[in-house]
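This report refers to the structure that appears directly beneath it.
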Amino acid sequence: MTRRTLLVGAAIVGLTTLGVSAQSASIQQAVDGAYDKFKTLQEGKNADYIPALAKVDPNLFGIAVVTADGKVYTAGDIKTEVSIQSISKVFTMAQVIQEQGLESVEKQIGVDATGARFNSIIAVEGVRTVVGTGAPEMNPLVNPGAISATSMVKGSSADEVWKKIIGFHNDAAGRELSVLQDVYKSESDSNQRNQAIGALMLAYGYVKNNWQQAVDLYTRQCSIGVNAKDLAMMAATLAAAGKNPVSGKQVLDANKVPGVLAVMATAGLYDDSGKWLYHTGLPAKSGVGGGIIAVSPGKFGIAVISPPLDDAGNSVRAQRAITMISNALGGNPYAAKPVR
Ligand code: DON
């Protein structure tokens, strides 16, 4: 057994018995241990259906953990920004819920897994059969539901809607983020499939008006640049009952956080969400830019950026690193000890 293994082992024992907050050195050891273990892993492939994503360095690897009381632990590259991609879907969904209540998303979009890929058109057809018979079997974390959520953000102009979307992301990250223009242009030039989904969503009544604006703003929100620390701060905001643990700003009402986390648990890693939950118990969300965020409620938010993806569109290294770190820190909410 190596010294590193012994140290991480000690971290596991310490954290499960003493709780996360007192264990700074051990959290850093768990983060460093996962970084060392997976930095040479060469599985998966960058997304290339958005041409700009194929050009991102596949060796980029950054890990960040932010605890619910605002302590930050990092390893690897936490400065380089990638596009947030589908992770933005969580925060736009959260914004709609903040503005219009939990029921708005449940009734108009749905909070059920589709069991299909994130950009499935067949899933839209499947939903169509239940129009008017109850909540749609869809959710705001797949492309059709996300375009619908973006269309629900209230505002009298595209600019006004955009300011609200980027503002919510900024508040969760605790700094001013900006759009990676090369990614925005590349995706705008190649997003015919999302345009088709937007038009279908209008045709079937899930988007009420101006689907072109919704698809454009959705594309823009997917192009927001973030580094691993930004993403971990956004995850930590959800872990800390909706309050950014460093700035102290209440971004999302505490009573709305569990609904957001439930949709992440149901559909955050798409058709692999069940497998992910089975191994980690963590609500999470992936993006094809290579980021994944995960939330251990009341304990910490964690994020990893590493662009190569598996077949479901989820970062390979990010899944492995988050699983290892969270399990070392006792992050799985289903593994809570009985109250005595
Ligand atoms: O709409 C798209 O296809 C991308 N902007 C986002 C997809 C995505 O990130 C799926 N995530 N794993």
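Just so you know, these numbers come straight off a predicted model, no measurement behind them. First listed ligand is number 1; within each ligand, the first listed atom is number 1.
Neither the backbone nor the side chain of Arg193 has any atom closer than 4.0 Å to an atom of ligand 1 (non-hydrogen atoms only). With a heavy-atom cut-off of 4.0 Å, Ser286 touches ligand 1 through backbone and side chain alike. The part of Asn143 lying near ligand 1 is the side chain, judged by heavy-atom distances below 4.0 Å. No part of Leu309 comes within 4.0 Å of ligand 1, judged by heavy-atom distances.
In this view, Lys37 satisfies the salt bridge (charged side-chain N to carboxylate O under 4.0 Å, His left out) rule with no residue, not counting sequence neighbours. When the side chain to side chain donor-acceptor pair (under 3.5 Å) test is applied to Asn143, the partners found at least two apart in sequence or on another chain are Lys89, Asn194, Tyr218.
For ligand 1, the polar-atom distance check finds no N/O of Cys222 at less than 3.5 Å from any of the ligand's N/O atoms. Between Tyr49 and ligand 1, an N or O atom pair is found at a separation short of 3.5 Å.
Among Gly289, Ser86, Ser83, the residue whose heavy atom lies nearest to atom 9 (O) of ligand 1 is Ser86. Which of Tyr270, Tyr218, Phe118 comes nearest to atom 12 (N) of ligand 1 through a heavy atom is settled by distance: it is Tyr270.
A donor atom on one side chain and an acceptor atom on the other are not found under 3.5 Å apart for Gln319 and Asp272. For the 3.5 Å distance criterion, the side chains of Ser157 and Asp159 fail to qualify, holding no donor opposite an acceptor. No side-chain donor-acceptor contact under 3.5 Å links Asn191 and Tyr49.
Using a 4.0 Å cut-off between a side-chain N of Lys or Arg and a carboxylate O of Asp or Glu, Asp77 and Lys79 do not qualify as a salt bridge.
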